[in-house]
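We're numbering straight along the sequence, starting at 1. As a basis for the values below, the full set of heavy atoms in this structure was taken, side chains included, without hydrogen atoms, waters or symmetry mates. Bear in mind the structure is a predicted one, so any value in this text is a computation, not a measurement.
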Amino acid sequence: MTENPQKTLLGMTRDELVEMARDMGMSAFTGSQIADWLYHRHVSSIDEMTNLSKVNRARLSELYTVGAMPAVDCQRSKDGTVKYLFPTRSGKTVESVYIPDGDRATLCVSCQVGCKMNCLFCQTGKQGFEGNLTTADILNQVYALPERDTLTNIVFMGQGEPMDNLDNVLRATEILTATWGYAWSPRRITVSSVGIKNKLHRFLDESECHVAISLHSPFHEQRQQLMPAERAMPISEVVELLRKFDFSHQRRLSFEYIVFEGVNDSMAHARELLRLLHGLDCRINLIRFHKIPNIDLQGCSEERMQSFRDYLTSHGIFTTIRASRGEDIFAACGLLNTARKNNGEKATKGKG
């Protein structure tokens, strides 16, 4: 795939669409109409914007395309999870995961191709960093999702570090939550981070979405071994930043904690978590480790996870064990990777 020379309408805010319309000699109202066609009606082509004049549609089509691109592959898990491979405007691909669960349906979206953070336990980190997604690339994972109309939640927990592509993540969440956009409540969206302090501070100021911090060890030296980002961004400093914000109402703060057998599952770790997070209105999500090649880490037993959960909950921090979904199609936490496809492996249309 070569980069499309046309600009995309997808990813533009209403104000930008209004300004674009004026620059092209159209009315400001035409820009608002385009926003409605994009974010309320989800058209796939400019020709479908039937309340725009034929002349305006033709002029618009010379310079712009909607920008919606269907998935080029999908894999279906035995548990109902679906992993999609979406193309990007730069010719790369990213993976997104659709997770149905009763009356809930969550989409795990990506914000980068690969990732710079290189966490020891994450397959995406082993891919290396191949580029930021544009706002259009991020939104396309929702826009072109076959199950889009069933979604109840979106989590920015796919490939990449959201705070490392903050401008585009903020634009995407603005469009998802604005009344002229998807009009979602920000409480339906969770954005994760390893804790890039200055970017996280800006996100907390400018967005009302839920926040999830990747923690994985409360001890500095050990977290640094698991997550190189700890060197520049100690979790103790991230927590001190979080204490400046109010999470006692609808906005939720959670900490993600992958449990490794014999590494971070001791009572000493549990007690240090209690000390580190004391007084914060938060929850902890315990996550099962999903084995990746050439990494000498093991997941712990269900009994150990339950014991760890019960200790933390009984001492004041509500703790859950997140259900593992899509492991059989490499869609579970830490398994997303598109390095082979981005470096020449041909993507084929999935069955189903």
Should Val169 and Leu336 be counted in the same cluster of Ile, Leu, Val, Met, Phe, Trp and Tyr side chains packed under 4.5 Å apart?
-> no

Please check if atom CD in Glu147 has more than 12 non-hydrogen atoms from other residues, nucleotides or ligands closer than 6.0 Å.
-> yes

Output yes when Asp205 and Lys244 qualify as a salt bridge under the 4.0 Å nitrogen-oxygen rule, no when they do not.
-> no

Check whether the side chains of Ser301 and Glu261 place a donor and an acceptor atom closer than 3.5 Å, and report yes or no.
-> no

Report the C-alpha distance between Asp79 and Ser77 in whole Å, list the side-chain angles of each, state the deciding distance to 0.1 Å, and finish with yes or no for side-chain hydrogen bond (donor to acceptor under 3.5 Å, both in side chains).
-> CA-CA 5 Å; Asp79 65 22; Ser77 167; 3.0 Å; yes

Under 4.5 Å between side-chain heavy atoms, hopping through other hydrophobics if needed: is there a path connecting Leu139 to Trp180?
-> yes

Would you check if the distance from the ring center of Phe247 to the ring center of His210 is below 6.0 Å?
-> no

More than 12 heavy atoms of other residues, nucleotides or ligands under 6.0 Å from NE2 of His278: is that the case?
-> no

Flag for Ser324-His290: side-chain donor and acceptor within less than 3.5 Å = yes

Do Val155 and Leu176 share a hydrophobic cluster, counting only Ile, Leu, Val, Met, Phe, Trp and Tyr and linking them when any side-chain heavy atoms are less than 4.5 Å apart?
-> no

Return yes if a side-chain donor-acceptor contact under 3.5 Å exists between Asp310 and Ser314, otherwise no.
-> no

On the 0 to 90° scale, with breaks at 30° and 60°, tag the His216-Tyr257 ring pair as parallel, tilted or perpendicular.
-> tilted

Parallel, tilted or perpendicular, as decided by the 30° and 60° cut-offs, for the rings of His201 and Phe245 | perpendicular

Is there a donor-acceptor contact under 3.5 Å from the side chain of Arg288 to the main chain of Gly299?
-> no

Lys/Arg-Asp/Glu bridge criterion (N-O < 4.0 Å) met for Lys78, Asp328 | no

Other residues, nucleotides, ligands: >12 heavy atoms within 6.0 Å of Gln250 CD | no

Apply the test salt bridge (charged side-chain N to carboxylate O under 4.0 Å, His left out) to residues Arg171 and Glu16: give CA-CA distance (whole Å), side-chain angles for both, the deciding distance (0.1 Å), then the verdict.
-> CA-CA 12 Å; Arg171 285 169 61 86; Glu16 290 169 338; 2.8 Å; yes

Between Asp164 and Gln112: side-chain donor-acceptor atoms closer than 3.5 Å | yes

Hey, mind stepping through Arg41 and Asp36 against salt bridge (charged side-chain N to carboxylate O under 4.0 Å, His left out) and telling me if it holds?
-> CA-CA 7 Å; Arg41 307 196 201 190; Asp36 180 70; 2.9 Å; yes

Report yes or no: does Arg14 contribute a side-chain atom to a donor-acceptor pair with the main-chain N or O of Ala35 at less than 3.5 Å?
-> no

Would you say Arg22 has more than 12 foreign heavy atoms packed within less than 6.0 Å of its CZ?
-> no

Hey, is the main chain of Gln159 close enough, under 3.5 Å, to the side chain of Glu95 for a donor-acceptor pair?
-> no

